[in-house]
Amino acid sequence: MSTPVKRYTVTAALPYANGPKHIGHLAGAYIPADVYVRYLRLRQRDVIFVCGSDEHGTAIPNQALKENTTPRAIIDKYHALIRDSFRELGISFDVYHRTSEPLHHETSQEFFLALHHKGLLTEETSEQFFDAQANAFLADRYIIGTCPRCGHPDAFGDQCEKCGSTLSPAELINPRSTLSGQTPVLRPTRHWYLPLQNYEPWLREWILKDHAHDWKPNVYGQCKSWIDAGLQPRAMTRDLDWGIHVPLPDAAGKVLYVWFDAPIGYISATRALFQELSSGTRQFATPQRDFGAVQPDDWKTYWEADDTQLVHFIGKDNIVFHCIIFPIMLHASQRFIVPTNVPANEFMNLEGNKMSTSRGWSIEMHEYLTDFPGKPDILRYALLTNLPETKDSEFTWKDFQAKNNNELVAIFGNFVNRALVLTQKFFANMVPPRGPATPVDEHALAAIAAAPAAIAAAIEAFRFREATAALLDLARTGNKYLADTEPWKVARHDLPRVGTILHIALQIAANLALVAEPFLPFSAQKLRSMLRLQPHPWTAAGSDTLLPAGHELGLAELLFEKIEDPIIDKQIKKLMDTQNAPTPAPVVAPLKPEIVFDDFTKLDLRVGTVTAASRMEKSDKLLRLTIDDGLQARTILSGIAKHYTPEQLVGQHVTFIANLAPRKMMGIESQGMVLMAEDGDGKLRLLQPDHPVRPGATIS
RNA sequence: CGCGGGGUGGAGCAGUUGGUAGCUCGUUGGGCUCAUAACCCAAAGGUCGUAAGUUCGAGUCUUACCCCCGCUACCA
C-alpha cells in the first residue's frame, strides 16, 4: 500500500527431514510457490526463492531410533531425497539449505540473543518429565506408555500412533522413558519464553486491519481465531541435545525450540545464497537467474528493506507459525520485515482419505518420479488444477489420468501437433507469411493478446487453479481457430490463405510455450525447441510476432502422451495393497507386574444398575451415568460415548470400582470407574454378570 | 451455542459491492477428418445444506438449525 515493490523474497515451507514428502506437500506449498516465482522471473522481477530442510526437533532423533541409526544419518538421507525430488519436479529454488548447517546455527543464535538482549524473552520454571537414570528431560515424544484411549502399549507422550489421539505425557498409563525404560518423574526446569500476548495489539492492527481483504479467508480466519482466543507466552527453548544450543552461559542442555529456529532457516538460506553467489561456490545455491555481482551482505535487503515483498507459501498446518509466531519474532527484532502475504492452502486428500506417509496412504514425490519418469509436468498440472485453495481437495488416479488424456494430450498437445503437422505438410516446416486478417483471425489474435493478462492477474492474486485454466483456454482457442478456419480444406484452392491461418496458429503455439513456463516448465522447454523459439520475457507474451515468417521450425514430437488404463490401475492397486498389508497382530497388552492378594483386596469392585444416562455437553466421549449401588445413587463419568448411547445403558448392570478416589471432569465429580472390556481395535464392551444380581453385589 | 474453513447440476469448482446461476470434466446428439479415436458445435442436467427473516428483488445480507473437514478439550 505504501512503497512500490522492488524485490520479492518467496519462501516455501521447510520440509521436515524425518521422512519422504508426498504430493500433498507439493500441492500445499511447493507447486504454487514455484509457479509464482517462475512467473516473477519471467517478469524480470528481482526475486529469490528460498527453502531448505528442517532438521531439528524431537521427531528426528525419534525417527533415528525407529530406523536404528543416528539423527545425523536420518537428516542426511532425507535431506538428499527431498532435495533431489524437488529438483526433478522442477521446483526452482535459488537455494536449498539445511538447518543443521553452522551458518543457520549462527543465524538463529544471533536472532535469539538479539531478542534476549532487548529483554523481550522471559525466563520461567515449570515441571516436566525427567529421566533420572539418563539424566535428561524428556520431550513428549520420548515418553511412551499405554494409550488411555485404545490400550496401545507404545503410545507416545504427545500422540498415540494407533488411534490418533492427541495425548499429554501425564495421561499415559505406566509411562516410561524410551531412553532408559525408567518411570520418569516430574522435575522443574527453566525455559525462555516469548510473551506473545504483548504483541496482540500489533497483530490486530497488522493482520485484522491491514490484511482484512488481501489475505485468504482461511488464513485470516485462523489468525483471528488465535488472536481472539488470547495469546500465551510460548517457550522458545527445550531440554534436548539435538538442536541449536541456547547461546547463554547458564543454558547447558538447552536448545532452541524447533519452531523458533526453523523459520529463521529462510534467513539462513538467503545468507547462504549470497555467500555462495559472491564467492562463486555452489553447495546449496542453485541460482535460477543471473544475479550479477553481489556482496555477501546483500542478503539483508531481502529481509530488511521495506520495499521487499515477503511471501510465505505453506500448508494450513503452519499458519499459526507463519502468521503469528514468526512475524512476532521478526517484528520484535525491530530489524526484519514481516510477510506481505501467506497464501496457505488447505489439505489434499488421496482417493477419499487423508494422506499419511506412516500409514502408507500417500504418493511420495520420489515414488512418482520413479513410476512416471520424464513426466513431472503431468503431476504439476494435475495438482495445479486441483489445488486445495479454498477447501480440502482430492487427488484420484482416475482424475490424474483424465487430466492428462483429456486436457494436456487432447487439448494442449494436440493443438500444437496439429499446427506443426499442417505446417510441415503445406509449408515445408517454415512459418508461412501472413496475409490480410479476417474477422475470425482478428478474434484469435485478440485471444492471444488477452491471455497473458488473464493468467498474470490470477497468479498475482494467488489463484493458481484459475491461472492454469486460463492457460489451457488459450490452447482451446487454438483448436477452435483451426476448426473454424479448416485449413486442410482451404488448401485445395487457396494456399496463401492457409499460410495466414497457420501463421496465426503458430503464434498461438509460441505464446503457449511462453506462458506455460511457470506451470509446465519441462513441456514449455520442449515446445520451445520444437518451435526453435528463444526464451522471451513475459512482456513479449500476447505478441503475434514471436515467430517471423520464414522461420524454420524444429522437429515435431508429441508434447504429452496418453496414459493407458493399466498404468493407472497398477497405481490404484499399489495404493490399495498398502491397506491390505498384513495388519499388525491384534494388540494384546503385556502382562503387568505380579501383585499379591492384599493388593487385590484393596479394590472394592461392585455391580450396580444404571438408572440414568446422558451425554456430557461439549464432550464426544463422556457419558454421565447414575448408578444404583444399593446404598445410594452415585454419579460416574465414563468415556464410552463412542460405544454406547445413553438409551442402551439405562437398566443395564455394570461393574465398577466403588472406592476409587473421586475425580472432577468437565466440572462434574465422577465417583468411581466403570469397568469395560477392551478389544484390540479399541472397542469397549460392558462387563456384566450373566444373571441379574441385586445392586451393590460385591465382586471377589 | 469452543474456534476456523466449507456445503452450488453426475464429479471437481467460479460466483467481487444483492438484480435473469457460470466454468472444466463426464453424459447425449450432430459436425469435421489436419491431429495422440484427438478437435469443433449443440443439448440435457441445479428448488445454490435446511427453515425463517430483511428487500421491489438473495447463491450473495440477518437469525436458527443440520452435515463434512481441520484445530482444541474431556477420556478414572
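All values derive from a computational prediction rather than experimental measurement. Order of the sequence lines sets the chain letters (A, B, ...), proteins ahead of strands, with each chain counted from 1.
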Inset, instruction - Using a 4.5 Å cut-off on heavy atoms from C-beta on, say whether the side chain of A:T485 contacts that of A:V498. - result: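 A side-chain contact is absent here, since even the closest heavy-atom pair is not under 4.5 Å.
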Tell me what [X] touches on the nucleic acid: a base, only sugar-phosphate, or nothing, going by heavy atoms under 4.0 Å.
X: A:I411; value: sugar-phosphate
X: A:K489; value: sugar-phosphate
X: A:E407; value: sugar-phosphate
X: A:A410; value: sugar-phosphate
X: A:R476; value: sugar-phosphate
X: A:V409; value: base
X: A:K425; value: sugar-phosphate

Legend entry - A:H211 versus A:Y220, closest heavy-atom pair with distance: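 Heavy-atom minimum between the residues: O-CD1, 3.7 Å.
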Counting only side-chain heavy atoms from C-beta out, which of [options] sits nearest to [X]?
X: A:Q222; options: B:C39, B:G70, B:A38; value: B:G70
X: A:A483; options: B:C40, B:U33, B:C32; value: B:C40
X: A:T390; options: B:C40, B:U36, B:C13; value: B:C13

Inset, instruction - To the nearest Å, give me how far apart CD (A:E351) and P (B:A11) are. - result: 16 Å
Inset, instruction - Grab the OH-P distance between A:Y220 and B:C3 for me, whole Å please. - result: 17 Å
Under 4.0 Å between a side-chain N/O of [X] and OP1 or OP2 of [N], yes or no?
X: A:N406; N: B:G26; result: yes
X: A:K480; N: B:C39; result: no
X: A:R418; N: B:A38; result: no

Legend entry - Aromatic ring proximity, centroids under 6.0 angstrom, A:F519 and A:F412: no
